[in-house]
Structures are given as structure tokens and as C-alpha cells.
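Quick notes on the structure that follows.
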Amino acid sequence: MAWTWRFEKSDGTQVAPPVEPEDFPTQGDAESWIGEVWKDLLDGGADQVLLYEDDAVVYGPMSLHADQAEPTG
């Protein structure tokens with residue numbers, strides 16, 4: 001079982017990541033990696049990601065863009 005990421009533009013077009021991922025042995029490893037490199041991926045042209053377990057989508061698309069909402073309070 002391998003966990004992998006797919007990198008896309010906001011329209012769903014696949015893009016090559018500027019940081020080369022690996023096949024991760026667990027979902028937690030894959031999620032930790034994306035947490036460390038998401039800004040590099042965004043700067044490199046990816047807008048969203050999908051997480052796969054083998055050939056099945058686990059979740060996504062998940063935006064790499066930070067919430068632009070103004071803080072309330």
C-alpha cells in the first residue's frame with residue numbers, strides 16, 4: 001500500500017511539483033510531508049492536492065491557498 005499526492009491547478013489540470021514527493025508508507029507520513037512543503041508547492045504553481053492510497057482517492061482536492069478572510073473580533 002502506497003500513499004501519494006497528485007498536484008493540480010485550480011481547474012484540475014495536473015502539474016509537476018517543484019518538490020519531488022515520494023511514495024509514503026502511511027497516511028500520516030504523507031500528511032506530515034504536505035504540511036512541511038505546501039508553501040513550496042504553492043509557489044511552484046500547484047493550487048490544490050489530492051491524496052491517493054494506491055489508485056483510490058482518499059480526499060481532495062484540497063486547496064493549498066491560505067484562507068484570505070479577515071479576522072473578526
Side-chain angles (χ1 to χ4, degrees):
M1 187 169 15
W3 297 82
T4 56
W5 291 102
R6 174 183 163 101
F7 309 93
E8 297 181 344
K9 297 299 288 173
S10 58
D11 65 2
T13 304
Q14 187 169 2
V15 296
V19 178
E20 194 60 38
E22 55 189 83
D23 288 345
F24 301 96
T26 68
Q27 182 175 351
D29 290 338
E31 291 170 340
S32 292
W33 180 84
I34 205 79
E36 294 170 6
V37 302
W38 70 270
K39 289 181 184 178
D40 295 327
L41 297 170
L42 185 60
D43 291 344
D47 293 312
Q48 60 191 24
V49 294
L50 293 92
L51 181 62
Y52 283 80
E53 181 182 12
D54 296 325
D55 294 331
V57 175
V58 176
Y59 61 78
M62 177 177 71
S63 177
L64 296 174
H65 294 272
D67 185 359
Q68 300 298 315
E70 291 292 320
T72 59

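All residue numbers in this chain count up from 1 along the given sequence. No hydrogens, no waters, no symmetry mates; every other heavy atom, side chains included, goes into these values.
Hydrophobic clustering places W3 together with M62 (ILVMFWY residues linked when any side-chain heavy atoms are closer than 4.5 Å, directly or through intermediates). Cluster annotation: W38 is connected to W33 through the hydrophobic network of ILVMFWY side chains, with a link wherever side-chain heavy atoms come within less than 4.5 Å. In the hydrophobic clustering of ILVMFWY residues, with side-chain heavy atoms under 4.5 Å counting as a link, V49 and Y59 come out together. Residues F7 and V58 share a single hydrophobic cluster, defined by chaining ILVMFWY side chains whose heavy atoms lie under 4.5 Å apart.
Side-chain atoms of L41 and I34, non-hydrogen and from C-beta on, do get closer than 4.5 Å to each other. The shortest side-chain heavy-atom distance between E31 and L51 falls under the 4.5 Å cut-off.
Considering all non-hydrogen atoms of both residues, G44 and P18 come closest at CA-CG, 3.6 Å. When all heavy atoms are compared, the tightest approach of A46 to L64 is O-CD1, 3.8 Å. The two residues D23 and A2 have their closest heavy-atom pair at CB-CB, 4.2 Å.
Atom CG of D54 sits in a crowded spot, with more than 12 heavy atoms from other residues, nucleotides or ligands closer than 6.0 Å.
Checked by atom type and distance alone, the side chain of K9 pairs as donor or acceptor with a backbone atom of G45 at under 3.5 Å. Without hydrogens or angle criteria, W5 side chain to A30 main chain gives a donor-acceptor distance under 3.5 Å.
Between Q48 and the choices H65, E8, R6, the side-chain hydrogen bond (donor to acceptor under 3.5 Å, both in side chains) rule is met once, by E8.
Between atom CD of residue E22 and atom OG1 of residue T4 there is a gap of 11.5 Å, rounded to the nearest 0.5 Å.
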